[in-house]
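Below is one structure, written out as C-alpha cells; the observations come after it.
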Amino acid sequence: MENSWAEKWFARKGWEPFDFQRACWQHYLGGKSGLLNAPTGSGKTLALFVPVLMEYVRENQGSWHQEKKNGLQAIWITPLRALAQDIQQAMNQVCEETGIRWRIAVRNGDTSASERQKQKRSMPECLVTTPESLHLLFTQKDNSLLFKDLKTVIVDEWHELLANKRGIQVQLALQHLKTLRAEPLKVWGISATIGNLDQAHEVLLGASAPKLIVRSSIKKEIKVQSILPDEVEKYPWAGHLGVKLLKKVIPIIASSQSVLLFTNTRSQTEIWYQKILEAKPDWAGIMAMHHGSLDPAVRAWVENALHEKKLKLVVCTSSLDLGVDFRPVDTVIQVGGPKGVTRFVQRAGRAGHHPGASSSIYFVPTHSLELIEASALRQAIESGQYEEQLPLEDCYDVLIQFLVTLAVGEGFYPQQLYPIIREVHAFRTLSPEKFAWLLEFVTVGGKALGSYEEFSKIDILADGLYKVSSRKTAMRHRLSMGTIVSDPMIQVRYLTGAYVGAVEESFISKLKPGDVFWFAGRSLEFLKIKEMKALVRKSKKKTGTIPRWMGGRMPLSSRLAELIRDELQKAAKNQLNSIELQTIHPILELQQNLSRIPDQSSLLIETCKSREGYHVFMFPFEGRFVHEVLAALVAYRISISFPISISIAMNDYGFELLSDSPIPIEDVLETDLFSDKDLMEDILSSINESEMARRRFREIAAIAGLVFQGYPGKGIQTRHLQASSGILYGVFETYDPDNLLLAQARSEVLHIQMEKSRLQQVIQRINRQKIHLLKTVRISPFAFPIMVDRLSRNSLSSEKIEDRIHRLQAELLA
DNA sequence: GACCTGCTGCGGGGTG
C-alpha cells in the first residue's frame with residue numbers, strides 16, 4: 001500500500017505505469033541497487049525518481065508536507081549540462097503534482113556563485129549534477145557533512161560514461177560516497193542498450209553486488225530508409241559529402257515539421273547548411289546549424305528554438321546526439337555512415353520521442369559502397385546487435401587527480417584509502433607498491449620532480465593526514481579538474497570584436513591574410529591574428545576553404561564491420577535481399593568481374609600496376625585504426641626481406657601499399673606475413689610508438705595536474721601544453737623510467753589508439769581465412785576510394801625521407 | 001573517369 005499515492009497519481013494523470021517502472025519501484029523499495037536499461041523517452045527518469053520519493057514518504061510516515069529541511073537525499077549524475085534542466089523540470093513537475101516539498105537543484109558549471117552559496121548553507125533534497133561538479137564538491141571544506149543524509153545516487157546515461165575517464169571519475173565518486181555513509185547507499189544506473197550490459201552493471205555496482213538489471217520491454221521500432229541515387233554507376237565511388245543527393249533530401253525536409261540532419265564532421269555540417277540554404281533561400285529563418293565549434297550562445301539559442309518548435313531544420317554533428325530528450329523532432333536524416341550501430345540507433349531515437357512511437361531515420365550514403373553499410377545497419381537493428389562499451393582500467397592520471405581532490409577537501413589517510421580504491425573497478429588490481437608510488441608522486445613529485453615545489457602538492461601532517469595546505473595549489477586544482485582535455489583553440493572574431501566561434505589553432509595557422517573560409521555559415525575573410533584572436537570580416541566570395549578541425553576519426557566499430565562482411569557474403573552469393581544491395585548491384589558486379597567480392601572466409605588481396613607504381617590492396621574490412629597498424633606491420637615485414645620503399649594509405653574497408661618497384665607479395669605471403677610470432681614487437685618496430693606515446697602523454701599530464709591547461713576556447717594558453725608536457729615526458733624518460741604515467745601513455749597507445757585486442761582478433765581471423773590474391777587490370781571499385789584517400793592527403797609513409805628524395809631526384813633526372 | 005574530411009563531453013571557494 002505504501003506506493004498507493006504513486007499509483008493514484010499515475011491514475012489521475014491517466015497513465016499506466018510500465019512494467020519496468022513498477023519493477024524499479026519494487027526493487028528500489030526492497031533496498032536494492034541495479035541497472036535500468038530503457039530506451040530514451042520511455043519514462044526512465046520517473047522509473048527511478050518516483051521510488052526515491054516513495055521511500056522518502058515512507059520514512060516520514062506518510063507525511064511529505066513537512067516544513068523541516070532535510071539534507072541531501074539523492075544525487076542525480078548526468079553527463080551533459082544541457083540535460084540537467086530537463087531532468088530538474090521533470091522532477092519538479094512530479095513534486096508539484098504530488099505535493100511533496102522537495103527542493104531539486106542543479107549544480108554544474110552554469111550554477112551561479114549565489115546559488116552555490118545557497119546550496120552550501122542548505123543542500124536541496126535532490127541534486128542534479130555532473131561527474132566533474134560532484135568531484136568539485138569533494139574539494140569543499142567539511143564536505144562530508146553535505147552527504148550525511150544521502151541515500152541514493154542515480155547515474156543517468158551510464159553508457160556514455162562507462163568507456164571513458166569520466167566513467168572512472170564516477171566509479172571513484174561512488175566508492176567515496178559509500179564510505180561517508182554508515183547505511184548502505186543505493187546506486188542505480190540508467191543505460192541505453194549496449195552489447196555488454198552485464199559488464200556495465202559490474203563496473204558501476206561492483207563485482208560482488210547481486211546482479212540486477214531491469215530491462216524495459218518497450219520495443220522501439222526503427223525504420224531505416226536509404227536515399228538511393230537514380231543511377232548508382234554515376235554516383236561517386238568515393239567521397240564523403242553526399243551533397244549529390246541534396247535534391248532528394250530537400251523534399252523530405254519540406255514535408256516534415258522539424259528535422260535533425262546529422263553529419264559526421266563539423267565541416268560537413270557547414271557544407272550541407274550552405275547547400276540547403278542555396279537550394280531553399282526562403283528557409284533562412286527556420287534552419288540552423290549546431291556543432292562543437294560554434295559559439296555556445298548560438299548553440300543554446302538553437303537548442304531553445306528547437307524546443308519551442310521554431311526551427312524546421314537543424315544541421316548538426318553528434319553535438320545533438322543527446323540532450324534533445326524533451327524536444328520535438330519528427331524526422332532524422334543521417335548523412336554518411338554512422339560507423340557504429342549504437343550511434344545510429346541513438347540518432348534515430350531523436351525522432352518519435354515518446355513511448356510507443358516508432359522512429360524512422362533516412363540514410364544518405366555519401367558514396368556507393370556506403371549502401372552496404374545501410375543494409376548492415378538494418379540487420380544490426382533487427383537482430384539487436386549493439387557495440388560494447390569497454391571500461392578503462394589503471395588510469396593513474398585520474399587517480400592522481402582524485403588523491404589531490406581528497407587532499408584539497410578534508411584530506412585522507414593512505415591506509416584507510418587504499419582498500420577503498422581497490423574496490424573501484426578500474427583500480428581493482430592496484431598493488432601496494434603502485435599505490436606507494438602514487439603517494440610519493442603527489443607528495444614530493446616522485447623521483448624526477450622532487451626539486452620543484454609545484455609538484456609537491458600534498459603535505460603529510462603530523463598525524464599522518466594527507467592534506468593540501470597551499471591555497472594556490474588548491475585553487476589551481478579546482479580550476480583544472482576533470483578528464484576532458486581539449487585541443488588548442490583560437491577565437492574567431494570580427495573587427496568589431498563580435499565573437500563568431502572557435503577553430504583549432506592549426507587550421508588558422510595555415511591561413512594567409514586575405515584567405516576566405518566558410519565558418520558558422522558565413523563566408524569570412526581572414527585578416528590577421530591579434531592578441532591570440534583571429535580577426536575576420538565578411539566576404540562576398542562564394543568559394544573558399546571550409547575549415548577542417550582536428551576531431552576524432554571515428555573508425556568503423558568492429559560490430560558493424562562484421563555485419564558489413566556479412567552483407568558482402570550475401571552479395572557474393574547473389575542474395576540481394578535488401579534494396580541497398582540491389583541498388584549497388586552494378587558496382588558489385590563490376591568488382592566481381594574485375595576481381596572478386598570477399599566473404600567471411602576469405603581475405604581479398606588485389607595487385608595492380610598503374611602510372612603511379614605498383615599497388616597492393618588488402619581488404620580486411622576492420623576500420624581505419626586497425627588498417628593503419630596492419631598496413632604499417634605488413635610494410636615492415638616486407639621491408640625486412642625486400643628493401644623497397646612502400647607508402648601506405650587506408651580507409652575503413654582496406655589499405656593500400658604502393659611502391660615504385662614491384663612488391664613481391666606472393667613471396668612474402670609464403671613467409672607468414674600475418675604470423676602471430678613477434679607480433680607486438682614487429683608492430684612496435686613498424687610504427688613510431690614513442691612519438692604516439694608522447695602525444696598521448698599530453699592528455700595524461702593535464703589530467704594528472706602536471707600542466708595547467710586553462711580553459712578551452714579562451715585564447716591560446718594551451719599552446720605551450722604540448723611543449724611542457726613534452727619536456728616532462730623527456731624528464732621522466734631519463735630520470736624516472738618507472739613512472740606509472742609513462743607506462744600509462746604507452747598502454748593507451750596500444751589499447752586505445754591501436755585497438756590491440758581487436759588487432760589480435762583480426763590477425764587470428766586472417767590466419768583462418770583463405771587468401772585470394774588477384775591481379776586486376778585496373779583499379780577496382782573497392783580499391784578506388786583508398787587510392788583517392790591517398791591522393792587527397794599526404795598520407796603517412798614508411799618511406800624514409802632520404803629514399804623519397806632519391807626517388808624524386810631520379811624522376812627529375814629521367 | 002570517378003575524389004578531395006574527420007565528434008562529443010566539463011569547469012573556484014574561503015575569508016574578510
Side-chain angles (χ1 to χ4, degrees), chain A residues 78-84 107-111 113 116-117 120 129-137 139-143 157 160-161 164-167 169 233-242 244 262-271 290-293 296 299 316-323 335-340 343 346 366-368 408-409 471-472 474-487 504 545-555 587 590 624 651-652 703 709-714 778-779 781 784-794:
Chain A
T78 129
L80 277 184
R81 277 198 312 244
L83 287 177
R107 186 183 184 105
N108 57 29
D110 297 331
T111 308
R116 281 168 202 271
Q117 284 303 315
K120 196 161 185 216
T129 188
T130 58
E132 287 82 4
S133 285
L134 180 55
H135 275 248
L136 277 164
L137 281 180
T139 66
Q140 280 193 355
K141 204 173 146 188
D142 300 327
N143 68 79
E157 314 277 4
E160 287 285 320
L161 299 166
N164 56 47
K165 292 183 182 177
R166 301 181 79 197
Q169 279 189 299
E233 291 94 331
K234 288 196 181 155
Y235 199 66
W237 286 13
H240 75 281
L241 287 179
K244 293 206 171 153
F262 285 102
T263 67
N264 287 336
T265 69
R266 286 167 277 177
S267 58
Q268 209 175 357
T269 294
E270 300 267 344
I271 293 169
H290 195 279
H291 63 67
S293 290
R299 294 177 52 170
C316 59
T317 60
S318 329
S319 53
L320 285 183
D321 265 1
L322 288 171
V335 176
K339 305 293 177 200
R343 185 181 294 112
Q346 182 115 284
T366 58
H367 61 80
S368 304
V408 168
R471 279 183 61 182
K472 188 182 159 203
M475 178 66 99
R476 269 174 86 124
H477 182 72
R478 286 194 192 97
L479 276 167
S480 57
M481 279 173 69
T483 59
I484 300 170
V485 181
S486 309
D487 293 319
E504 265 90 0
T545 356
I546 302 276
R548 7 182 321 192
W549 287 266
M550 317 244 302
R553 286 189 303 171
M554 290 192 293
I587 292 175
L590 182 60
R624 53 180 313 138
N651 68 6
D652 277 326
I703 294 172
Q709 55 161 338
Y711 289 101
K714 289 205 178 154
R778 53 198 176 96
I779 302 289
F784 182 75
I786 307 177
M787 211 183 74
V788 167
D789 201 75
R790 171 170 53 74
L791 292 176
S792 63
R793 67 178 97 209
N794 293 327

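Proteins come first, then strands; the chains are lettered A, B, ... in the order of their sequence lines, and each starts at number 1.
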Side-chain N or O of [X] versus OP1/OP2 of [N]: is the shortest distance under 4.0 Å?
| X | N | answer |
| --- | --- | --- |
| A:R81 | B:dG9 | no |
| A:R166 | B:dC10 | no |
| A:T130 | B:dG11 | yes |
| A:R778 | B:dG1 | no |
| A:R299 | B:dG9 | yes |
| A:K244 | B:dC3 | yes |

Distance-only donor-acceptor test, A:R107 side-chain atoms vs B:dG11 base atoms, 3.5 Å: no

Syn-anti status, with the boundary at 90° from 0, for the nucleotide B:dG12: syn

Listed nucleotide nearest any side-chain atom of A:K141, set B:dG14, B:dG9, B:dC3: B:dG14

Of the listed nucleotides B:dC10, B:dT8, B:dA2, the one nearest the side chain of A:T317: B:dT8

Qualifying residues under salt bridge (charged side-chain N to carboxylate O under 4.0 Å, His left out), relative to A:R116, sequence neighbours excluded: none

Touch class at under 4.0 angstrom, heavy-atom based, for A:T483 against every strand present: nothing

Sugar-phosphate, base or nothing in reach of A:L161, heavy atoms under 4.0 Å: nothing

